[in-house]
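Everything quoted here is computed from the prediction, not taken from an experiment. Note on naming: letters A, B, ... go to the chains in the order of the sequence lines (proteins, then strands), and numbering restarts at 1 for each one.
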Number of protein chains: 2
Amino acid sequence: MPSIDAARVMADLRHLATFGAYKTGVHRPTYSPQDVAARHWLAERMQDAGLAPVIDGIGNVIGRSPVEGPRLLVGSHSESQNHAGWLDGALGVIYGLEVARAIREAPDAAGLAVDVVSFADEEGHYGALIGSRSLCGLLEEEEIDRLTNRSDGTPLRAALESAGFAGRPREQLKPERCRGFLEAHIEQGDALESTNLKLGIVTSIVAIWQYRIHFEGEQNHAGTTRMATRKDAGHALVRLAAAIDRRFPEVAGERTVWTTGRITLDPGAPSIIPGRAEMLFQFRDADPDRLVLLERTLEQLVEAANEAGPCRCRLEVMSRSVPKVMDPRFQDALEAAAERHAPGAHTRMPSGAGHDAQILAQRVPAAMLFVPSIAGISHHWREDTKEEDIVLGCQVMATAAATILRS
Amino acid sequence: MPSIDAARVMADLRHLATFGAYKTGVHRPTYSPQDVAARHWLAERMQDAGLAPVIDGIGNVIGRSPVEGPRLLVGSHSESQNHAGWLDGALGVIYGLEVARAIREAPDAAGLAVDVVSFADEEGHYGALIGSRSLCGLLEEEEIDRLTNRSDGTPLRAALESAGFAGRPREQLKPERCRGFLEAHIEQGDALESTNLKLGIVTSIVAIWQYRIHFEGEQNHAGTTRMATRKDAGHALVRLAAAIDRRFPEVAGERTVWTTGRITLDPGAPSIIPGRAEMLFQFRDADPDRLVLLERTLEQLVEAANEAGPCRCRLEVMSRSVPKVMDPRFQDALEAAAERHAPGAHTRMPSGAGHDAQILAQRVPAAMLFVPSIAGISHHWREDTKEEDIVLGCQVMATAAATILRS
């Protein structure tokens, strides 16, 4: 079995964290100078590991094993959210690199091929999972033409040009030559930590159903308009949001989550009754039947709001994804490796967040491993994982990868 | 008794509405070129009416009667909210002009002096009622140094410079030579229209108590953070807002109004649990005891929210004004004039909105007359009042002014 080099893993992770270092985390948005520098450094590390690296036309860094025959792709993404954590996707990328090195160095692993990948923009600075979609042939040129940076509006084409990636071919996955994809990631929640477990084998990546809920009332003067005659769109919004929070626990599953991320009252002035209001609402679950039930419940609450009046309420569906089930044999391999290196300290669990693995799963068998997040903190510079947990997770990935390649 | 010229009133109102015309309303923010042009035109109309006009260092237009002895000041403000109605303050200014003309022309009104005023910035583009406060000696130079435009940040000093008003002296009210102040205004609500009345005699201008309510929770990932461990500041806000709307009707007076004008969730992204949230909340009432009761109720709801947890909620008082009672004798004069010209079609009522009269009331007896707003619409370009109601209101003002000056 391959044996990882703990010091090498930690040194690489710490070096990667110097690109865009911010407090104890990193600020490394996709195609920023620090992200581009990190990708070039990753390509060099792949070269050093005996892989043939390429940075392609969307910024994906791929290191291919020189070993002939079926191969496993291992990796994640290396850009970060703004002012976010040092591990997140970086952990899975360095795990990929170390798994490739450990398997190459293992005396009993000759003929096993591991390719390593760092996808571009999993974090969605420009689009949704564009790096992994590009590799899987699920990203059209016209979408690239259209996308812009969500913070400053820079067109994706201009960003690729500045990064030096424009005009390069975009690498494509060859499913017939790829056994599958393994991705490790921090859990981003506290389910592992709160149950004192070290490893999570992901069963599925939950679906996200997102809505924009519009309220239309009548803008008016907050001093001269009697309460009885008001059509306060903000008030209507508050009532619906409160009704959701009363009703959803009754229809939610054990792991259902729902969130109102944004509320806007228009015009938003202290002395004006809001004439319009809007809320962004989403829920997530791994069970397709549950998702339908939750949507039906939301529709009923909106209907009830409209019957009660006096404002009009309209539900706009923004997106509905489907849950992505992880490959059962890969899950078994991860579980066996977890049991070997940390007996009894692992569990199977769904992923509440989206990951590149949900795209790869559309083309090849895919699975994911979670390591604990300290206090469940994610997308924040304070995000962290204990060193012993980082090292353990990497060894489990290497063992599972070897098992899968041998099967 | 003075008799107003209905055609002249309507012609002046319609001409004033050409400055910054927008759809059927006006866009005439304070010190905008269109506002400055309107003020120069008003000064000319005052001159034509035999008054001595001056535009002072804050932009107030004041036309003084050449008649010696005690005088009454009549007027309002001529700038508008953004993209707002053609009447609002303009109505009261043109009423002032017409009352001065009608009294000057009345054979039995020799020796009665009416001064006319158009205050600057009642609408608060730069500050709170700065024109009337300036006239009443309640605006310091250092506040003028400090104020900026709420939309584009232009310093008030720069705006006065561009308008050509900088360096001019600021006119001061001489209470010993002024019997008092009369202001007419559209109601801005539908209390008159909904009860088929034509005139409202204002008893007091209600107090506004304003609050910023802060919520602090924990920002986290909307997919990976279980419902049970969340500290969702937006959720806490929605619960408090819903609690206010359940509880306030039980402690409110007949005319109490309360409004949540703005809600902000931070960071306001669809997939992030808000770590902070904020709402702007206000209530208004004319009864000081009621105001205290409402504030105590709000404090109790905030306490209950903090006891329930898991977020922290903090109440910040932004401002607390006191109700301004209108002069009883002036109210009687307005009521007698209303009964004479529209028997039974008038009522006494508080003003839910703030007006220049609340400032003048701190120096001299002051009172206000309301005319109906069609559908109660205010601060919108669709704001309007029936022509017959406009004409009636002007005549009532002229009659009441003569009565007050003779008393």
With a 4.5 angstrom heavy-atom cut-off, could you sort out which part of Val238(B) is near chain A: side chain, backbone, both or neither?
both

Do you know which two heavy atoms are closest between Gly261(A) and Pro274(B), and how far apart they sit?
O-CG, 4.2 Å

If you count heavy-atom pairs under 4.5 Å between each of Ala242(B), Gly189(B), Gly223(B) and chain A, which one has the most?
Gly223(B)

Residue selection (most heavy-atom pairs with chain B, distance under 4.5 Å) from Gly268(A), Gly352(A), Ala191(A):
Gly268(A)

Answer with side chain, backbone, both or neither: which region of Ile263(B) has an atom nearer than 4.5 Å to a non-hydrogen atom of chain A?
both

Below 4.5 Å, heavy-atom pairs only: which of Ala241(B), Gly234(B), Pro267(B), Pro249(B) has the largest tally toward chain A?
Ala241(B)

Check every N and O of chain A against chain B and note each donor-acceptor pair under 3.5 Å, with its distance.
| unit_1 | atom_1 | unit_2 | atom_2 | d |
| --- | --- | --- | --- | --- |
| Gln188(A) | O | Thr224(B) | OG1 | 2.5 |
| Asp190(A) | OD1 | Arg226(B) | NE | 3.3 |
| Asp190(A) | OD1 | Arg226(B) | NH2 | 3.0 |
| Asp190(A) | OD2 | Arg226(B) | NH2 | 3.4 |
| Thr224(A) | OG1 | Gln188(B) | O | 2.4 |
| Arg226(A) | NE | Asp190(B) | OD1 | 3.2 |
| Arg226(A) | NH2 | Asp190(B) | OD1 | 3.0 |
| Arg226(A) | NH2 | Asp190(B) | OD2 | 3.4 |
| Arg230(A) | NH1 | Trp258(B) | O | 3.0 |
| Arg230(A) | NH1 | Thr259(B) | OG1 | 2.7 |
| His235(A) | NE2 | Asp245(B) | OD2 | 3.2 |
| Asp245(A) | OD2 | His235(B) | NE2 | 3.3 |
| Trp258(A) | O | Arg230(B) | NH1 | 3.1 |
| Thr259(A) | OG1 | Arg230(B) | NH1 | 2.7 |
| Arg262(A) | NE | Gly268(B) | O | 2.6 |
| Arg262(A) | NH2 | Gly268(B) | O | 3.0 |
| Gly268(A) | O | Arg262(B) | NE | 2.6 |
| Gly268(A) | O | Arg262(B) | NH2 | 3.0 |
| Pro270(A) | O | Gln282(B) | NE2 | 3.2 |
| Ser271(A) | OG | Gln282(B) | NE2 | 3.1 |
| Ser271(A) | OG | Arg284(B) | NH2 | 3.0 |
| Gln282(A) | NE2 | Pro270(B) | O | 3.2 |
| Gln282(A) | NE2 | Ser271(B) | OG | 3.1 |
| Arg284(A) | NH2 | Ser271(B) | OG | 3.0 |

Scanning both residues in full, the closest heavy-atom pair of Ala222(A) with Val257(B) reads O-CG2, 3.4 Å

Proximal component of Ala269(B), with respect to chain A [non-hydrogen, under 4.5 Å]:
backbone

